2 protein chains.
Amino acid sequence: MNSTNTAVSRRDQILREAARLFAERGFHGVGVDEIGAAVGISGPGLYRHFAGKDAMLAELLVGISGRLLTAGKRRVAEASGPEAALDALIRGHIDFAIDDRPLITLHDRELDRLRESDRKLVRQLQRQYVEEWVAVVGRVHPGATEREVRAAVHGVFGLLNSTPHLGAQSSLPGRAEMSELLRRLALGALGALDSAADWRVTY
Amino acid sequence: MNSTNTAVSRRDQILREAARLFAERGFHGVGVDEIGAAVGISGPGLYRHFAGKDAMLAELLVGISGRLLTAGKRRVAEASGPEAALDALIRGHIDFAIDDRPLITLHDRELDRLRESDRKLVRQLQRQYVEEWVAVVGRVHPGATEREVRAAVHGVFGLLNSTPHLGAQSSLPGRAEMSELLRRLALGALGALDSAADWRVTY
DNA sequence: TGAGGATGTTAGCGAGCGTTAACTGATGAC
DNA sequence: GTCATCAGTTAACGCTCGCTAACATCCTCA
């Protein structure tokens, strides 16, 4: 029996628990013994599956960055026009933010703990993903300058990635409702780019 | 000569450098020797000014949380109405986000590294600050449910706090322009709450 | 059957880190 | 002039942590 026979392989199990722990207490705040304990083995046992603690973080960050970019490109390519592409990008990002909270958190928090080469790779994937957004948003809101669009896109990322901060409280909307709300908020924020040309002249 | 005679006391100098380093590499990723080196003294020399590394982080987080809350309350109290109060809250938060980037970063990233008592205090201050916003936003957008308002406020925080992520690149707006853009984006996002009642029935 | 690989275990090494101890020089008070 | 205090130094302790070594167990398959 090879490892892919099990529903989730031990590797994947380790990655998921590591992501959760890293997101909760930070990369340096989690020991290998704790990661091992989370999957029911000892700390050193992890080294049968990963070269080291760094390798786990690297695989997590490269993975999420790559999946975000791939899904984003696909959605834009399949969209019928700029507005549809933007909506698809927003919906896709929201799905990631809600379903992979720990990864979204790590993604912009622990990047600097990576080896140089891994960090460059992740940054490159992130940059391409941002460019995808900037291109689409620029077409939907042609009145805004590229600098404005770029800053707005980062702001919208911050908005959409805010879900992890509200730890599953009962006083919050459910998944579907939250998803729709975030989509509205994002579209509302980007809508402000249209009136940008008006107030820009006041400076 | 007491310590307040100098423009910035050694304590404040240490706090500023520690904030920068913690934000860059994480609390656990920075050693006391590095903090000391950043202000031109040895690591152990820091213990003449602080009880320990933890105490520095605690003072930073309690300080920023308290100042955010104090400034927020003052601005709301001085505002002529809900719309003016909201605008004042947004402008105030943007000032913090732009001027105290490292602190804003630490503020929602390293909270869990605090001792129980300090953490409770910071959380309480943060909660009060959120409540200030929720109350004002709720009055400006009475059609939205409180859960929606709460989630939206957190989203707007994420939006406004996104500035630190874009390390001072030349392709970004200047301070005044960025501030105005963020304000527009935030107002645009919250504006989406008005139409919330419309699409909510579709579920 | 039994060799070998996969997947664990425990013991322990070596480095790094926060912290303390002991000491030193400068400065201001009386 | 002496003495206390402040603000710094270096040395070193003790603990934690990532990782390796050596050994154990089970499963597979020729």
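Everything numeric here is computed off the predicted structure, so don't read it as measured data. Just so it is clear: chains get the letters A, B, ... in the order the sequence lines come, proteins before strands, and each one is counted from 1.
A salt bridge links A:Glu146 with A:Arg150: at least one charged nitrogen is closer than 4.0 Å to a carboxylate oxygen.
Going from atom CG of B:Leu46 over to atom P of D:dC6 covers 18 Å, rounded to whole Å. Atoms CZ (A:Phe50) and P (C:dT7) sit 12 Å apart, rounded to a whole Å.
Ranking C:dG8, C:dG18, C:dT10 by closeness to the A:Pro44 side chain, first place goes to C:dT10.
Under 4.0 angstrom from either OP1 or OP2 of C:dG5 there lies no side-chain N or O belonging to A:Arg48. Between A:Ser42 and C:dT9, a side-chain N or O to OP1/OP2 separation shorter than 4.0 Å is present. Regarding contacts with the backbone of D:dG18, every side-chain N or O of A:His28 stays at 4.0 angstrom or more from both OP1 and OP2.
Fit an axis to the five pairs at each end of the helix from C:dT1-D:dA30 to C:dC30-D:dG1 and the two axes sit 10° apart, to the nearest 10 degrees.
Distance alone, capped at 3.5 Å, places no donor-acceptor pair between the B:Arg91 side chain and the B:Arg183 backbone.
Among the heavy atoms of the strands lying under 4.0 Å from A:Gly31 are primed sugar atoms or P, OP1, OP2 only; no base atom is included. Within 4.0 Å of B:Gly52, counting heavy atoms only, lie sugar-phosphate atoms of the nucleic acid but no base atom. Nucleic acid contact for B:Val39: none, since no nucleic acid atom lies under 4.0 Å from a heavy atom of the residue.
Side-chain contact check for A:Arg101 and A:Thr163: no donor-acceptor pair (N or O, by modelled atom type) lies under 3.5 Å.
Note: B:Tyr129 and B:His93 have parallel aromatic rings, judged against thresholds of 30 and 60 degrees for the angle between ring planes.
Using a 4.5 Å heavy-atom threshold, the side chains of A:Leu106 and A:Arg20 count as separate.
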